[in-house]
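Heads up, the thing below is written out as structure tokens.
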Amino acid sequence: MTEAEKTHSYKEERALTRPRVVIVGGGFGGLYAARALAGAPVSVTLIDKRNYHLFRPLLYQAATGLLSADEISGPLRSILSRQNNIDVLLGEVTGVDTQKRVVRLEQHDVPYDFLILATGVQYNYFGHDEWSRIAPGLVSLSDADRIRAKVLLAFERAEELAALELAQTTSIQKLLTFVLVGAGTVGVEMASTLAEMSRMALAHDFHHIDARSARILLYEAAARVLPSYPEVLSTKAQRHLEQLDVKVYTSTRVTSIDADGIIANGQRVPAATVLWAAGVLASPAGRWINSATDKSGRIIVNSDLSVPDHPEIFAIGDTAHVVAHSRNLLGIKSNEPMLMPGVAQPAIQEGRYVARLIRYRVAGTKPPGPFWYWDKGDLAIVGRTYAVADLRFLRFSGFPAWLIWAVVHIYFLIGFANRFFVLVQWGLAFLTKRRRVRVLPE
Ligand SMILES: Cc1cc2nc3c(=O)[nH]c(=O)nc-3n(C[C@H](O)[C@H](O)[C@H](O)COP(=O)(O)OP(=O)(O)OC[C@H]3O[C@@H](n4cnc5c(N)ncnc54)[C@H](O)[C@@H]3O)c2cc1C
């Protein structure tokens, strides 16, 4: 028998005899579930509408030209290439038939014995989907490209008008005004990075405009920036943003967005660039399986992350509403169960947990107890060398927090090559204060 025939017959035998696990979504939840099933006596199929795993926490660096797309992403197929019980399919899932136990792709169905839904979130424009054309959110690599191009083009247009003396100061001011809607982690990261980009990286590139005069305006409907953080850290983050010359407007709702700018608190603010970081909505996975969801569309799951009435279906990560007990880094258990936040750690830990549960079920042994969350805390970056850290038992800010942020992010970046290149880029950017990826797409 040739090698190709051997592989073929092995695959056929595998598909016939082993339980089939289908994972929809190759983000943090799906990828870590797939990896944790390595060597298990199951046949895994990972389906994603994109062919890459994206390290979202560094996406804002791609949107502001510090890192390039391939440094924060990797092809799913090659990440999982050494795992011989898995097939990776590129395709968009459009539904699930829970009776027939098949996942619907556009062209065909994929059967499952166990299904893991890990399809993440999309931006929520609170009933104003038309705003998405003007104010892009940052979710995918193409969003990052679009935002980077939008920001760089605004500077280019302003320079053009100033060089040819074609415009009044107000038009140039509008071009150099950048509005961010939403001061959660993403809004704060973007605002601080845009501020530093205009004050440092672009400062000497233009002859007719002063890039340093760019106005970065950050709007938040809640009473403080980083609303999910302890108040003391929100205050520190806001103070640092203001030191970077970001204008912060809290308790201020943006009620309209159009090509001329925004309306906030009834006042028009002219701006050529508006970016959206204000809220997310879960993927439609809850509708596919006709399951109960919360108001953000997340599937409400049992304590073992299975879907009520469907012990063979699991929902994890951002698309799941998971309430669980947690332990902090000191091992101290929470008094009350908490709703899992929409960040990478719960998705990773849920992915690993479900993989373990499936292994137990397949082996016919007693499954593990309910999912619990190892809460390592939260980190948010506010500029080049400043961050705030909430480790639950300890809160601090400044360079030490930034250092922890950098180590954690490098550690979790998929693939050695990415880690190495990102380290080099950060080192260079730190020393030269310059941005590398500034070429505009045609
Ligand atoms: C800009 C940004 C910055 C962030 N920064 C941080 C941070 O610093 N720290 C942190 O912990 N968290 C951060 N997060 C949150 C973190 O990225 C998410 O919590 C995490 O990615 C959730 O993992 P997931 O597996 O649930 O979903 P995702 O990682 O979003 O993965 C979902 C996957 O499902 C695929 N998919 C969706 N629909 C379909 C479909 N119909 N068919 C096939 N495939 C589909 C998508 O292509 C995607 O690959 C950030 C998020 C964003 C947007």
Side-chain angles (χ1 to χ4, degrees), residues 22-34 45-64 72-76 79 88-96 103-106 110 116-124 136-144 147 180 182 184-190 193 226 228 275-280 282-285 287-288 298-299 305 314-322 340-352 354 375-382 387-389 405-406 408-409 412-414:
V22 172
I23 304 174
V24 187
F28 283 106
L31 181 61
Y32 278 80
T45 304
L46 175 73
I47 308 172
D48 201 297
K49 61 182 175 184
R50 304 188 179 107
N51 80 335
Y52 57 85
H53 170 79
L54 175 59
F55 192 80
R56 287 242 169 74
L58 293 181
L59 194 54
Y60 77 96
Q61 297 204 349
T64 50
I72 57 160
S73 62
L76 282 165
I79 294 171
V88 177
L89 298 185
L90 175 64
E92 178 150 6
V93 170
T94 53
V96 174
V103 165
R104 295 249 138 91
L105 293 177
E106 247 172 48
V110 182
I116 305 177
L117 296 169
T119 37
V121 286
Q122 59 213 26
Y123 268 103
N124 180 10
L138 185 58
V139 171
S140 64
L141 282 176
S142 53
D143 295 330
I147 288 174
L180 283 123
T185 322
V186 178
V188 166
E189 282 171 353
M190 281 297 293
T193 314
L226 299 177
S228 63
L275 306 175
W276 185 260
V280 288
S283 74
R287 289 204 297 275
W288 299 341
R298 291 174 295 189
I299 300 169
L305 311 186
F314 302 89
I316 58 172
D318 282 0
T319 214
H321 174 109
V322 179
M340 291 301 110
V343 289
Q345 271 303 318
I348 291 173
Q349 294 179 30
E350 288 160 21
R352 287 178 173 152
V354 166
D375 187 356
K376 299 171 189 168
D378 290 321
L379 289 162
I381 191 152
V382 196
V388 292
W405 176 92
V408 167
H409 283 73
F412 277 101
L413 251 187
I414 302 290

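Note that ligands are numbered from 1 as they come in the structure, with each ligand's atoms numbered from 1 the same way. In what follows, every heavy atom counts, from backbone to side chain, and hydrogens, waters and symmetry copies are set aside.
Between F55 and F28, the ring centre distance stays below 6.0 Å.
For the ring-ring contact (aromatic ring centres under 6.0 Å, His included) test, no residue two or more places apart in sequence or in another chain qualifies with F314.
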Are there any N/O pairs under 3.5 Å between ligand 1 and the protein, and if so, what are their distances?
unit_1	atom_1	unit_2	atom_2	d
ligand 1	11 (O)	A344	N	2.9
ligand 1	12 (N)	A344	N	3.4
ligand 1	19 (O)	D318	OD1	3.0
ligand 1	19 (O)	D318	OD2	3.1
ligand 1	19 (O)	G342	O	3.1
ligand 1	19 (O)	V343	N	3.3
ligand 1	19 (O)	V343	O	3.3
ligand 1	25 (O)	F28	N	3.2
ligand 1	25 (O)	G29	N	2.8
ligand 1	26 (O)	D318	N	2.8
ligand 1	29 (O)	F28	N	3.4
ligand 1	30 (O)	R56	NH1	2.6
ligand 1	41 (N)	V93	O	3.0
ligand 1	42 (N)	V93	N	2.9
ligand 1	44 (N)	K49	N	3.1
ligand 1	47 (O)	D48	OD1	2.6
ligand 1	47 (O)	R50	NH1	3.2
ligand 1	49 (O)	D48	OD1	3.4
ligand 1	49 (O)	D48	OD2	2.6

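Nearest heavy-atom pair, W288 versus V93, reported as atom, atom and distance to 0.1 Å: CZ2-O, 3.4 Å. In terms of heavy atoms, T185 sits closest to A380 at CG2-CB, 3.9 Å.
Defined by atom type and a distance below 3.5 Å, a donor-acceptor pair is present between the side-chain atoms of S283 and T319.
Between the side chain of H321 and the backbone N or O of I299, no donor-acceptor pair lies under 3.5 Å.
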